[in-house]
Amino acid sequence: MTVPQATYSETDFFTYLCDQCSTPFCERVHILNLVLSYVDDEYCLNCLVSMQPGASGSIDGPQTPVSTETWVSQMLTYVMARDCFKTPWESFETAACPGKPIHQCFCG
Ligand SMILES: [Zn+2]
Ligand SMILES: [Zn+2]
């Protein structure tokens with residue numbers, strides 16, 4: 001985890017920062033990192049999507065790039081099927097999340 005920078009006025013809210021681009025992200029994106037077994041390094045929504053198989057630049061070769069919407073819906077199916085992810089996902093207070101206006105999470 002990197003040291004938070006005062007780029008966003010909401011910095012105090014975010015517990016996590018992307019290890020690739022330093023974008024802050026909220027609990028829900030953190031849960032997706034756990035689903036993907038990213039523990040030591042964690043990534044924001046945009047970086048997570050760009051790293052998935054099928055995305056441009058993937059080692060799996062040319063494929064149709066996965067859209068954020070498609071990927072998120074797949075991940076949500078996974079999260080909702082497992083109580084260990086579903087419980088913290090649903091208990092997170094989305095109304096307070098500053099990621100909503102900057103489109104960095106699913107809180108909306
Ligand atoms: Zn990032
Ligand atoms: Zn959020």
Side-chain angles (χ1 to χ4, degrees):
M1 300 295 285
T2 46
V3 177
Q5 298 172 342
T7 308
Y8 296 86
S9 59
E10 306 89 348
T11 300
D12 287 347
F13 175 89
F14 292 109
T15 311
Y16 313 98
L17 281 181
C18 178
D19 280 297
Q20 182 159 288
C21 73
S22 297
T23 297
F25 56 87
C26 76
E27 184 72 24
R28 285 192 164 184
V29 180
H30 168 65
I31 293 170
L32 291 188
N33 278 273
L34 297 184
V35 170
L36 294 163
S37 299
Y38 297 143
V39 177
D40 293 331
D41 290 332
E42 297 194 30
Y43 305 100
C44 70
L45 179 57
N46 289 339
C47 289
L48 283 177
V49 172
S50 71
M51 286 187 288
Q52 300 316 303
S56 56
S58 159
I59 57 171
D60 294 336
Q63 294 181 26
T64 305
V66 63
S67 73
T68 301
E69 291 75 14
T70 300
W71 185 76
V72 166
S73 67
Q74 291 169 352
M75 292 300 291
L76 274 176
T77 301
Y78 191 98
V79 167
M80 291 306 158
R82 287 159 182 81
D83 284 344
C84 61
F85 295 130
K86 183 181 182 211
T87 301
W89 182 278
E90 295 191 333
S91 63
F92 178 67
E93 182 49 68
T94 60
C97 180
K100 186 163 52 174
I102 60 173
H103 305 298
Q104 282 292 342
C105 69
F106 319 97
C107 306

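Starting from 1, each residue takes its place in the sequence as its number. Every number for a ligand or one of its atoms is a count from 1 in the order of the listing.
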(request) Please tell me if the side chains of E27 and Y16 come closer than 4.5 Å, counting only heavy atoms from C-beta onward. (result) yes
(request) Please examine the side chains of F25 and C18, heavy atoms only from C-beta on, and report whether any two atoms are closer than 4.5 Å. (result) yes
Side-chain donor-acceptor pairs of residues 31-38 under 3.5 Å, sequence neighbours excluded:
| residue | atom | partner | partner atom | Å |
| --- | --- | --- | --- | --- |
| N33 | OD1 | Y43 | N | 2.8 |
| N33 | ND2 | V29 | O | 2.9 |
| N33 | ND2 | Y43 | O | 2.9 |

(message) Only to 10 degrees, please: what angle do the SG atom of C26 and the SG atom of C105 make about the Zn ion (ligand 2)?
(response) 120°
(request) Apply side-chain contact (heavy atoms from CB on, under 4.5 Å) to T70 and list each qualifying residue two or more places apart in sequence or on a separate chain. (result) V66, S67, Q74
(message) To check you understand the geometry: which heavy-atom pair defines the closest contact between M80 and E90, and what is its length?
(response) SD-OE2, 3.8 Å
(request) Would you please name every residue forming a ring pair (Phe, Tyr, Trp, His ring centres under 6.0 Å) with Y78, sequence neighbours left out? (result) none
(request) Anything protein N/O/S under 2.8 Å from the Zn ion (ligand 1)? Just list residue and atom, please. (result) C18 SG, C21 SG, C44 SG, C47 SG
